[in-house]
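Encoded as structure tokens, the structure appears first; notes follow it.
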Amino acid sequence: MRALVTGGAGFIGSHLVERLLQRGDEVVALDNEVTGRWGNLPDHPRLTRLHQDAVAPFDVDGPLDVVAHLASPASPIDFLRIPLEVLRVNSIGTENALRLAERKGARFLFASTSEVYGDPAVSPQPESYWGNVNPIGPRSPYDESKRYGEALVTAWHRVTGLEVRTVRYFNTYGPRMRADDGRAVPTFLVQALRGEPLTVQGDGQQTRSFAYVDDSVEGTLRLLASGVEGPVNVGSDHEVRLIDLARAVIRLTGSSSEVVHVQAAEDDPRRRRPDLTRARLELDYEPTVPLEDGLRRTIAWFRAEGLA
Ligand code: NAD
Ligand code: UDP
């Protein structure tokens, strides 16, 4: 197989690229390093790097069997810092990637998100839930452009017959997250390793369900290989309160840090947990890495990289 992975120099993208290389595929990784870095990828004879903004029209030499569109900033601080870039890469960038897939006769995969459910009024969230999103709030450039992306991908399929897959990732963590990307896991790890207070936003009673990156990549590959055209939740359904995540990080790092409560983030979803029924039934998917194991592996990586 020959695959294009946009956002291939990013966190999830680089793990996906590695898995594709390991199984013998040829990969073109496209990225503009806005939030990723080429150093996340190994030198490999079957890997081509394409430094390119996905928002500008682009082409790729040779055949493609798969176009996986993962390019998009993914941290809430980036939704505030570069909202227009976020909106564009999930709208114009998605259309550019769809056009390329159509030209090449490739199967298309769109990296969507649990954020399409907004601050959910039902829990766990099944794919059939339409969500509760503030269209003009601080998270809206991301939430609404991912929702638009899903609509675009669905319409493209209806109009052209292009084979499409949509993965709704829930919070995914692991090695290669940027130490300063602002998301809870890298922030807490770095704070704990440095002996600084862990900044829990709000009362810490809000929940997330954290998936180790290998599990999310496994779900992605299963979805790509499947015949499931509608969106599929991928992640872990082990739901934890943020205050408990902070305490677990302190314990696992052996840190002397304390927890401090800082201002809650605006429009922060109170809870988030995937209903994984569809992934289990249609993809035979099951998350396999318990939170503590995944945190240990991530801590080891941050230590080895000297990031704290
Ligand atoms: P990331 O920031 O590490 O990776 C995104 C990559 O896309 C980066 O390398 C970045 O440089 C690149 N990129 C962004 N805009 C671009 C553009 N215009 N042109 C070319 N490259 C561009 O983030 P991630 O956590 O690996 O997320 C990957 C994908 O998965 C994103 O689409 C994100 O929305 C989605 N997702 C991630 C999570 C998660 O918990 N990590 C959850 C839900 C959805
Ligand atoms: N969070 C926190 N402290 C931080 C960063 C995040 O308490 O330093 C909280 C944040 O308020 C949210 C949860 O952790 O409730 C997950 O945030 P993250 O940015 O990792 O992901 P997302 O909000 O996109 O799920």
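Note that ligands are numbered from 1 as they come in the structure, with each ligand's atoms numbered from 1 the same way. All values below were derived from every heavy atom in this structure, side-chain atoms included, with hydrogens, water molecules and symmetry-related copies excluded.
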Nearest protein heavy-atom contact for [atom]: which residue, which atom, what distance?
atom	answer
atom 38 (C) of ligand 1	I12 CD1, 4.1 Å
atom 5 (C) of ligand 1	S72 O, 3.3 Å
atom 19 (N) of ligand 1	A54 N, 2.8 Å
atom 14 (C) of ligand 1	V34 CG1, 3.2 Å
atom 16 (C) of ligand 1	N32 OD1, 3.3 Å
atom 28 (C) of ligand 1	L70 O, 3.6 Å
atom 43 (C) of ligand 1	Y169 O, 3.2 Å
atom 41 (N) of ligand 1	R183 NH1, 3.0 Å

Check against side chain to side chain donor-acceptor pair (under 3.5 Å), D119 and N132: CA-CA 6 Å; D119 186 8; N132 176 33; 4.9 Å; no
Any N/O pair T113/ligand 1 closer than 3.5 Å: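 N/O-N/O distance below 3.5 Å does not exist for this pair.
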Nitrogen or oxygen of S114 less than 3.5 angstrom from that of ligand 1: no
Which of the ligand 1 atoms, numbered from 1, are nearer than 4.0 Å to a heavy atom of V89: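 Going through ligand 1 atom by atom, the ones under 4.0 Å from V89 are 15 (N), 16 (C), 17 (C), 18 (N).
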Ligand 1 atoms in contact with G7 (distance to a heavy atom under 4.0 Å): 6 (C), 7 (O), 12 (C)
Ligand 2-proximal atoms of A184, by part, heavy-atom distance under 4.0 Å: both
Part of R183 with heavy atoms under 4.0 Å of ligand 2, whether side chain, backbone, both or neither: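 Contact part for R183 vs ligand 2: both backbone and side chain.
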Atom indices of ligand 2, in the order listed, that fall short of 4.0 Å to a heavy atom of V200: 7 (O)
Closest to [atom] (judged by heavy-atom distance), picking from [options]:
atom	options	result
atom 34 (O) of ligand 1	Y142, F11, F58, Y173	Y142
atom 1 (P) of ligand 1	V55, L30, T35	T35
atom 44 (C) of ligand 1	S112, A211, A74	S112

Residues T35, D78; criterion side chain to side chain donor-acceptor pair (under 3.5 Å); working and verdict: CA-CA 9 Å; T35 54; D78 289 328; 5.2 Å; no
Main-chain N/O of P135 paired with S140 side-chain donor or acceptor, under 3.5 Å: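 Pair found, side chain donor or acceptor close to backbone of P135.
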Side chain to side chain contact (heavy atoms under 4.5 Å, CB included), paired with Y169, selected from V213, T113, L70: L70
Contact check: T187 vs ligand 2, nitrogen or oxygen atoms, below 3.5 angstrom: no
Presence of salt bridge, R271 and E239, under 4.0 angstrom: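 Salt bridge: no.
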Any R139 heavy atom less than 4.0 Å from ligand 2: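 Judged by the 4.0 Å heavy-atom criterion, R139 does count as contacting ligand 2.
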